Structure formats: structure tokens, C-alpha cells
Amino acid sequence: MATDFEQRYIKARKSVVEADFMHLNEMQRKAVMTTQGPLLLLAGAGSGKTTVLINRILNILRYGSASDTTQLPPNASEEDIETMCGNNTVAARLAAAYEPCPPWNILAITFTNKAAAELKSRLEANLGAVANDIWAQTFHSACVRILRRNAERIGFSTSFTIYDSQDSQSVIKRIIKALNIDEKNYPPRMILSVISKEKDKLHLADHYLEIAKQSGDMRQTVIANCYKAYEKQLRDADAMDFDDLILNAVRLLQENDDIRSYYQKKFKYVLVDEYQDTNHLQYLLVSLLSGGYENICVVGDDDQSIYKFRGATIENILSFENEYKNARVIKLEQNYRSTAHILAAANAVIKNNTERKGKSLWTEDEEGELPHLHLAYNQDEEAQYVAEKILEGYAEGMRWDDHAVLYRLNSQSNAMEYAFKRRGIPYKVYGGMRFFDRAEIKDMLAYLNVISNPQDDLRLLRIINTPTRGIGNTSIEKLAQIANEEGTSIYDVINRCEEYPQLKTPSAHLRLFIDMINNLIEKSGTMPVDELYDEVVIRTGYLKSLEAKDTQENVTKAENVKELKSNILNYISESTDTTLFGFLDEISLYTDLDNLDKDADCVSMMTIHSSKGLEFPVVFLVGAEEGLFPSARSLGSHEDMEEERRLCYVAISRAKERLYISSAMQRMLMGKTTNNRISRFAEEIPDEHLKKDYIPKGRSFSDTSFDAEPRRQQPQSKFAPVITSKTAAATLPDFKTGDSIMHKSFGEGEITKMTPMGGDFLVEISFNCVGTKRLMLKAAARLMEKL
DNA sequence: CGCACCACAATTTTT
DNA sequence: TTGTGGTGCG
């Protein structure tokens, strides 16, 4: 039973902390001040989740457990209470702090580099250099950091190599060939996915092989043998794939009491972002790392769990309260992103799911515009509709990058791109080939990897004959065979190639190659990474071979090779660890999704999946059709359907001001034309929150099955017909450079420049009041007249 | 060894 | 419809 003094002390202390977080709403503040023990934070879309995470960390750093404990300092006095209630805020804060936490005892885990970088930079903005001591990292980079110290305990060197998914795939393909397995029945992708699932269950290859044998299932046994070979090859190469990073970190912690207790003592506070995306292994990792103090805060939104297919289990979030009996739960439901109508639409859709914690977003924001539903005849008309709306928005003064087009399948971008190109709308498609996936970049990184770890057969094989240096397939097969028989690496065999009579023919070429590699290895000991890279580019003859043929493709490749240099320089300037190891670590966990945002003013096009976490003033959700979204594969399964619905919820909740949903009655997919009904998700939005934009004559929304019409017959649309280059020229409004004009929104101005662009003109108008604006002529003309 | 041609498959994706 | 990967020829 707390004494009166204790109660007053605790209350006074709490209000000191509280005063620091008055800029937050009540629930956010509650989350920030709940620092002790397990906490499940259900944070809806746009509810200020990252802000809460940051402020929670600030609270922990400044005040320790002050806002959430009944413990008093041993020397607590009446004077302290006076100080805390007094006007001297500095003194009050000092008195309130109770075991403030050093930054290096805090671990904040995210999924993506981007999220980690955002966390870091916002913490740095608040704290300065101190922020660098907080472990704000991705799951994978945190594991690498732990493994780099301790990998020897589980049979790897501390300088192990990291394989990306492409590397894993190459390894599996080689194994399929070596084991003489039929690739048709056992696609590499499938095998890798089984291996990944087994790793998620903490099953190593031997364990799985046993399970497979006992089940008597031939297929499983075949896959298990692949797993076994895969595991061996990676171990021989001193390599870990992405799953291994987590798996091995978990095993390391489970099997070594000293290491586990070191980290459990170290991490007094653990925070996990996007908890709904975690898999079983990640759950284990988090519970191991936080196992000391159990001050674990997980943040997530069960309604935004959309990665089941890659192992995420919503179970982690749903059963958090069972795992931690004393867990507290706080919901953040106030939304600061979208207008009321858009939120209502999102809520209306998601409430049809049964497997959820139950949350309902609300806003103090105004109603805003009604979301629109447009029914198009086919994907081209749909694209045209989207383009029109974007041009309207642009003419109103919005930027291109205020707009985003979201779709279920990457292949849907084609029709959009075509329409955008034709109208000169600048756009960027996300999710295509990435910089670090390009062959030339992979080649250069393979060289660096071999220099850093010559035992890495996979990377060595990648570059042994790239550029061609007279080491053909036959020689490579022989090398691999010898290495396999002797249980050594290919690098070792080449080093002693003169000893083998069967390598007599290529031995001169092999010697030249291995001397070059050895020379580079030697240099890597003393040379800074950037200079070493220059050496690699020259000495390997890679750049020379690109310059030998003057094609556009090769010019681009050469540019990319040079671009990688600027990445290295950038790394050196930002990092303390400027060794080759350090750089390779960073790069192997890096995707260039991170620098998307700072790109030029462009409309964004991406899948709904990749839009998670982003927001745009105007969102187009295209392809809202049964069979496409929800996808045909989800139709049979309740569980999958709910995941699709969550996906829809994610899409809708990206929109801040305007939401356009569209549906094509006829769509070409994979070369076949299909007729689809409007997506059930669109139907789930009640009429008071959805403006049905366009209903073709004689057809209702509920009956959209209709006889396919030839697409040349244009529907009686209120929108412009498909614009071919000819009609475009004919219908161009009559404006020219030098014209004085009056614009509805921007007032008077003069046209200073006109640039033809995809059947339209980009006009530059110098307005008297609002400065110079660049508009697309056709869209702007409606709001303009000549003076 | 490099290129051309044909067969074939084809959610969603971070690290 | 599109992209990729494997095969066969010059």
C-alpha cells in the first residue's frame, strides 16, 4: 500500500514527464509513457506511429522508468516533490528522472533500411550525436552485427559472406543439376520456399531430412536432399543467406548462455516496428533479445498484414497477450492522414474481415471529397481516365508527385505507362530492376567478394570468365569436380592448377587469373576500398571489355560500374568502418528502394504491396475487379481473401485527399482477354462514401457482366475519346508563345514557352501573382482563356 | 564463345 | 502479352 507521500511523489513525477509530451494526443502520450513491461501498440494507418516510437525513446533516455513505475529513489524527499511541481523546469526534469537509460541499451528494430534510416535521422534531429549509440537497425543488420562478433561459436568465421536471393537461387540451380533432379517437378523457387519455411521452424537440413524420410514422401525427401546440399555449400563458402542471418542469430543466442545473457543485460528496452510482418524466427529473436528486462514494445497493425506469402504470421500480433501475460495494449486510432470520407471507405472495407483485433480509425479532419469509382471498358480506357484526372490535378496546381497509381500486379503498369507517355506525364515505376540487381553491379561486387573471401565458390564462378579470359565451361566443370573430390574450394584448386594433368590446357589462363586475384587480395590489405575498386575495374579488364563494343547497353553498364564507385565514396564518407568488409556488409543488406523519395517530380506507379508506409494526396487504385483484386487465387480461401482485403485497406488508406478507384469490365491479362465483375471491395463501400462516376448506358453496377464489345466502339463517356496522335494535333487548343491569358485559378499571365510533349504541349506561363508555372496545355486550356 | 531463336510460364517482396 | 532461359548453330 502506497503512502500518501509516495502517491504524491509519483503523481508529481508523472506530470513532469507528461509536460514534455503535450504535443501528442492522449493515446499517443499514453503509449509514450508506458515504458515498463510488454506493450502491444496497435497503430492504425496514419496514426503517428513513428512519432510515438521516437518520443517513447526520448522518454526512456531522459526519464528512464519515471513515467511508469511505482518505485521511488531511496532518498526521495518532500523537497523533490516541490522541485518537480516548481517553475524551474530544468530542475524539475532532473528530479523526475529515474534510472535514465543510456542510448546503447535501446534496441529499435525495423524491417527496411528506409524505416531504420528514418528512425535514425529523426532521433538524431532530436538528440544529436547521442542518437548514433541507439541500436536502430533492421532485423537483418542487427543480426549481422551480433554474428560478426560471435559467428565462430557456430562454425562460421566472423568475416562470413552474405548471399542475396539471387545467389541462393544460383546455388539451388547448380544443386538441381548436380543431383540430377527434374527442374520441372522441382522449381528452384519452390525448393527455396520450402527451405525458408523449414528454417522458420528452426529445422536444419538433417532435421528436415529425418522428417521427410519418416513421412515416406518422395518429394519431401528430394527437397530435403537439396536443402542438405544447399546448407553444405553455404557453409563451405562461409556464407549465410538472409534467412540464415536470423536463424543463426537465434541459434547463437539459444545455445550460448554467456552470449544470450550479454545481450539480455544490454538491451533494457526493445522496440519492434511493423510487428504484423514478423515471422516465427523473428519473433524468437525479439523474445530472446528482450528476455532480460522484458521491456518489449511491439508496434503493428493487424489490418495491414499483407506479407503472409513470405512467412509473416499475423499470429505474432494476435497472440502477443498470451505470450506475455502482463502485456498492456494501447490502440492508436486517430488518423492524421486522410479525410473523413476516405477513412470511412477504408473502415467499411476492413470491417468485413473476421480475424482482427478490431480497430476503427477516426479523424478530426474535414469530410473532404468523395472517393470516386470509375467503370472503364478496358485497361486502356482506365489508363486514359487516370491520365485525365492527373492532368486535371496538375492544372489545379498540384505536383506530379502528389499522385500515385496503385495496382495489384506489376504487369498492370504497362497500360498506364503507355497512356502517360502519350500525354507527356512524367512517371516512375517502382519495383523493377534495381541498381544492385543489375548484372554489371553483381559482377563488380562478386569481384570484391572474392577478394574478401576467396572460398566463395559461387562468386568466384560468376567472375572467373567475366569478361571472357579463355576459361570455358569444360575447364570450370573440371575445377568444380576436383574441388568437390578434395573437399576444398575452387580457389585452392586454381592456385595449384599446375599439379593437375587434366588442367594442362587452361593452366596458363588459370594462372593469369589467379595471379590477378591474388594480387588484388594483397592490395586489399592496405588500399582503401575506393582505390581498390578502381584497381578491380582496370585490372580485371571489365571496363575495357565494356568499352570494346560501343552499344547503348554497354555505355549504360559502364556508367553503372562508375556509379558504384560513388556509392563506395559515399559509404566511406559516412561510415567509420572503411574496410572492404564493412562496405560489403552494408551493400549486401542494401536495396536502393531507400533513395526513391528524393527523385524528381514524377507520378508514382507501384504495387499496393510496395505502397505500404507511403502516403499521397491523390491515389488511384486501378484494376478493382474480381479475379484481379481480389486475385483469382484467393477466391477459394477465406484466409487469403482476408489478406486481399487488408491489401485493399492498405491501398485506400494511402490517400490523403483524393481517392479514385477504377475497374475495367474487360481486361487483357497474359495475352488473354477476360471479363470481370467489379471488385467486391468496391461494393463494400457504401454509397454515401463513394461517388460512382460513370455508368455505361443500360448497365448497372451490380450487373456488369456484358457481351464483349469491340473496343473500337467508344463508350458514351463524358471523357475525351482515345487520343491518337492525329486527333491530338487537331484538338490542340489554340495558344502560342507570347499570348496573354487569364487562368481560373492563377489569374493573368503570359505564355513564355511551349514544348511539344507526347501529343500535347508543356506550357510555361509567367503569372502576375503566383510566379511561373508549367502546365500541360490540354488540361490547362479548360481553365484558361486568351485576353 | 556469342548470338539467335523458340518454348514456356506468369501474384504480391524485404533483407 | 511479355520476359526469361535453354539449345543449337555459325
Side-chain angles (χ1 to χ4, degrees), chain A residues 109-116 137-144 162-170 173 177 183-184 187-189 192-193 196 240-247 249 273-274 277-279 281-282 305-312 379 406-415 417-418 430-434 436-437 439 465-476 545 548-549 551 585-594 606-613 623 627-635 640 643-644 646-648 650-651 667-674:
Chain A
I109 304 190
T110 64
F111 263 88
T112 63
N113 292 314
K114 194 181 158 192
Q137 300 200 269
T138 65
F139 272 101
H140 297 268
S141 66
C143 288
V144 170
I162 301 169
Y163 277 5
D164 68 16
S165 336
Q166 273 187 44
D167 298 327
S168 303
Q169 190 140 67
S170 318
K173 278 187 177 165
K177 278 220 185 80
E183 203 172 318
K184 286 270 148 43
R189 259 183 40 155
L192 278 168
S193 126
S196 178
M240 300 189 198
D241 68 16
F242 289 138
D243 291 327
D244 291 337
L245 294 176
I246 318 269
L247 174 67
D273 196 10
E274 306 279 13
D277 288 340
T278 49
N279 62 25
L281 267 184
Q282 285 157 342
S305 162
I306 54 174
Y307 286 114
K308 193 183 126 194
F309 68 91
R310 68 178 197 212
Q379 72 267 31
L406 309 183
Y407 35 76
R408 181 66 236 266
L409 300 181
N410 280 311
S411 56
Q412 287 173 260
S413 72
N414 269 336
E417 288 186 65
Y418 185 62
Y430 294 124
M433 176 63 97
R434 304 197 202 113
F436 289 97
D437 289 340
N465 203 30
T466 316
T468 49
R469 42 175 79 89
I471 306 171
N473 273 331
T474 338
S475 316
I476 290 171
S545 82
K549 251 200 314 181
T551 61
D585 242 20
E586 169 112 345
I587 223 73
S588 56
L589 294 176
Y590 184 89
T591 57
D592 44 353
L593 204 74
D594 313 0
M606 66 186 84
T607 62
I608 303 168
H609 280 94
S610 32
S611 77
K612 208 181 74 169
L628 177 61
F629 187 35
S631 90
R633 298 179 191 224
S634 67
L635 295 179
D640 290 351
E643 175 125 335
E644 294 284 307
R646 290 192 290 269
L647 198 52
C648 184
V650 168
R667 178 178 299 274
M668 176 93 88
L669 272 176
M670 289 183 249
K672 274 207 290 275
T673 304
T674 53

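Lettering follows sequence order; numbering is per chain, from 1. Please read all numbers here as calculations on a predicted model, not as lab measurements.
- Candidate nucleotides B:dT11, B:dT14, B:dT15 were compared by shortest atom distance to the side chain of A:Arg310, and B:dT14 ranks first.
- Regarding contacts with the backbone of B:dC1, every side-chain N or O of A:Asn473 stays at 4.0 angstrom or more from both OP1 and OP2.
- Every residue meeting the ring-ring contact (aromatic ring centres under 6.0 Å, His included) condition with A:Phe111, not counting sequence neighbours, appears here in chain and number order: A:Phe139.
- Residues satisfying the salt bridge (Lys or Arg N to Asp or Glu O under 4.0 Å) criterion with A:Arg667, sequence neighbours excluded, are A:Glu382, A:Glu625.
- When heavy atoms are screened at a 4.0 angstrom cut-off, A:Phe309 is found touching base atoms of the nucleic acid.
- By the 6.0 Å contact criterion, OH on A:Tyr418 is open, its count of non-hydrogen atoms from other residues, nucleotides or ligands being 12 or less.
- For B:dT15, one of the phosphate oxygens OP1 or OP2 lies less than 4.0 angstrom from a side-chain nitrogen or oxygen of A:Asn113.
- Here A:Asn279 does not reach the OP1 or OP2 of B:dT14: none of its side-chain N or O atoms lies under 4.0 Å away.
- Nearest to the side chain of A:Met670, among B:dT13, B:dA10, B:dT15, sits B:dA10.
- For A:Asn410 and B:dT13, the shortest distance from a side-chain N or O to OP1 or OP2 is below 4.0 Å.
- Nucleic acid contact for A:Tyr307: sugar-phosphate only, since backbone atoms but no base atoms lie under 4.0 Å from a heavy atom of the residue.
- Heavy-atom contacts of chain A under 4.0 Å fall on DNA chain C between two terminal nucleotides, which in 5' to 3' order are C:dT1 to C:dT2.
- Close to B:dT14, at under 4.0 Å from its OP1 or OP2, lies no side-chain N or O of A:Thr112.
- Using a 4.0 Å heavy-atom criterion, one finds that A:Thr468 contacts the sugar-phosphate atoms exclusively.
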